[in-house]
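Just so we're on the same page: letters track the sequence lines, and every chain starts at 1. Values below: all heavy atoms of this structure, side chains included; hydrogens, waters and symmetry mates excluded.
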Protein chains: 2
Amino acid sequence: MFFQIDPSNGLAIYDQVVRQMKFAVAGGVLRTGEMVPSVRELARELAVNPNTVARAYRCLQDDGVLETFRGQGLAVTANARERCLADRLQLIRIRIQQVLVEAKQSRLAPQELRAIVEEELQGLGGREE
Amino acid sequence: MFFQIDPSNGLAIYDQVVRQMKFAVAGGVLRTGEMVPSVRELARELAVNPNTVARAYRCLQDDGVLETFRGQGLAVTANARERCLADRLQLIRIRIQQVLVEAKQSRLAPQELRAIVEEELQGLGGREE
DNA sequence: TCTACTGTAATAGATAACTAGTACAGAGGG
DNA sequence: CCCTCTGTACTAGTTATCTATTACAGTAGA
């Protein structure tokens, strides 16, 4: 229902949860005050250990995206949206920059690079989520 | 002189060596028959353990890019160029696809995505290597 | 109060990647 | 032969991540 986790992604699972949670807030899927799934529920859903989800949630608290209500759960904070909008741009920009640097070092022509990007953008274009 | 390694890259170090070696062959920096740096020399240069370089070289042998001359070193194989040209496209395409999928899931607008790509391309444009 | 949920914490174990150190066989130059 | 280079192999230890399990405190509803 919520996220998609790929264990063989290079990124740690908890990090994937953090990123996708931020993206959900930035994209308006999760709104201020809304409760997120409980640690155990999300862990079951993702077929992942509860500790891993708890760690992700702890990170999200540290980043001011979630706040805890003891005994009840965690909710999206008041100014989470603006934080996440900024974070989303930054996170994606960094990944793009890494790929482009590598492509540049490999002496792949920029036109060829643009072609790949456009091609892959077309490949994703139609679907929503 | 040769490569740039970033230990906190997500990618394993030996994998970075493999990729950059393939890119060097694809880009014409390394030619057929040319000797590559010895395990110990490259390890010293990259400030990395010799075992890590050895592992990368073993991968490159398995992929038919390098061949070993016992007691002398390793050299680029005859048909390494064409293999690496294909590998380069594939490796970069996969990374781009991963970023675009994530961006798509985050509901970032494609125009905004293109803007970031162009912006970062400009940022790299001038430099050679 | 009892029960079931919540987050949080702590411990131990598994696995992967990398480091550290040592050792061995082959090639080549003196 | 001796020395130095080459790749290769092995063991052990470190670190980070994730799993597995148990436990505890707070909240809420019957």
Side-chain angles (χ1 to χ4, degrees), chain A residues 1-21 25 30 33-77 80 98, chain B residues 1-21 30 33-77 80 91 98:
Chain A
M1 166 193 182
F2 240 159
F3 302 144
Q4 286 184 355
I5 297 300
D6 178 12
S8 60
N9 200 8
L11 280 82
I13 294 179
Y14 78 93
D15 204 27
Q16 295 184 48
V17 174
V18 170
R19 293 172 76 97
Q20 295 194 29
M21 186 70 78
V25 175
L30 283 174
E34 203 168 339
M35 303 290 286
V36 297
S38 77
V39 169
R40 292 171 178 83
E41 183 187 344
L42 186 56
R44 186 163 19 89
E45 194 173 323
L46 300 179
V48 151
N49 193 278
N51 277 334
T52 306
V53 176
R55 176 167 181 185
Y57 279 4
R58 206 181 325 129
C59 287
L60 286 163
Q61 283 183 71
D62 295 343
D63 290 352
V65 177
L66 297 182
E67 55 185 340
T68 176
F69 294 95
R70 185 119 197 177
Q72 307 178 56
L74 295 113
V76 179
T77 62
Q98 288 174 339
Chain B
M1 165 193 183
F2 240 158
F3 302 144
Q4 286 185 354
I5 297 299
D6 178 12
S8 60
N9 200 8
L11 280 82
I13 295 179
Y14 78 94
D15 204 28
Q16 295 182 49
V17 174
V18 170
R19 294 171 76 97
Q20 295 193 30
M21 187 69 77
L30 283 175
E34 203 167 341
M35 302 290 286
V36 297
S38 77
V39 169
R40 291 172 179 82
E41 183 187 344
L42 185 56
R44 184 162 22 86
E45 194 174 322
L46 300 179
V48 151
N49 193 280
N51 278 333
T52 305
V53 177
R55 176 167 181 185
Y57 279 4
R58 206 181 324 130
C59 288
L60 287 163
Q61 284 184 69
D62 295 343
D63 290 352
V65 177
L66 297 182
E67 55 185 340
T68 177
F69 294 94
R70 185 118 195 178
Q72 305 178 55
L74 294 114
V76 180
T77 62
L91 290 172
Q98 288 174 340

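When DNA chain C is scanned in the 5' to 3' direction for atoms under 4.0 Å from non-hydrogen atoms of chain A, the outermost contacting nucleotides are dT6(C) to dA10(C).
For residues 66-75 of chain B, the set of pairs meeting the side-chain hydrogen bond (donor to acceptor under 3.5 Å, both in side chains) definition, not counting sequence neighbours, is empty.
Summarising the geometry of Gln16(A) relative to Asp6(A), their closest heavy-atom pair is NE2-O, 2.8 Å, with the distance given to 0.1 Å.
Partners of Ala54(A) according to the side-chain contact (heavy atoms from CB on, under 4.5 Å) rule, which considers only residues two or more places apart in sequence or in another chain, are Val39(A). Legend: residues meeting side-chain contact (heavy atoms from CB on, under 4.5 Å) with Ala56(A), ordered by chain and number and at least two apart, are Tyr14(A), Val17(A), Val18(A).
Here CD1 of Ile5(B) is found 8.0 Å from CG of Leu42(B). Values are rounded to the nearest 0.5 Å. Between atom CE of residue Met21(B) and atom OH of residue Tyr57(B) there is a gap of 4.0 Å, rounded to the nearest 0.5 Å. To the nearest 0.5 Å, atom CD of residue Gln98(B) and atom CG of residue Leu11(A) are 9.0 Å apart.
A donor-acceptor pair is defined here as one N or O able to donate and one able to accept, closer than 3.5 Å; such a pair exists between the side chain of Asn49(A) and the backbone of Asn51(A).
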Per-nucleotide protein contact string for nucleotides 20-30 of chain D, where B marks a base within reach and S marks sugar-phosphate only (heavy atoms under 4.0 Å, - for neither): BB-B-BBSS--
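Of all the residues in residues 52-62 of chain A, Thr52(A), Arg55(A) reach under 4.0 Å from DNA chain D with at least one non-hydrogen atom.
Glu45(A) has its side chain out of reach of Phe3(A): every pair of non-hydrogen atoms, C-beta onward, lies at least 4.5 Å apart. For the pair Arg55(B) and Ile13(B), the minimum side-chain heavy-atom distance is 4.5 Å or more.
Residue-to-nucleotide proximity on DNA chain D shows that, of Leu11(A) and Thr68(B), the 5′-proximal contact is made by Thr68(B).
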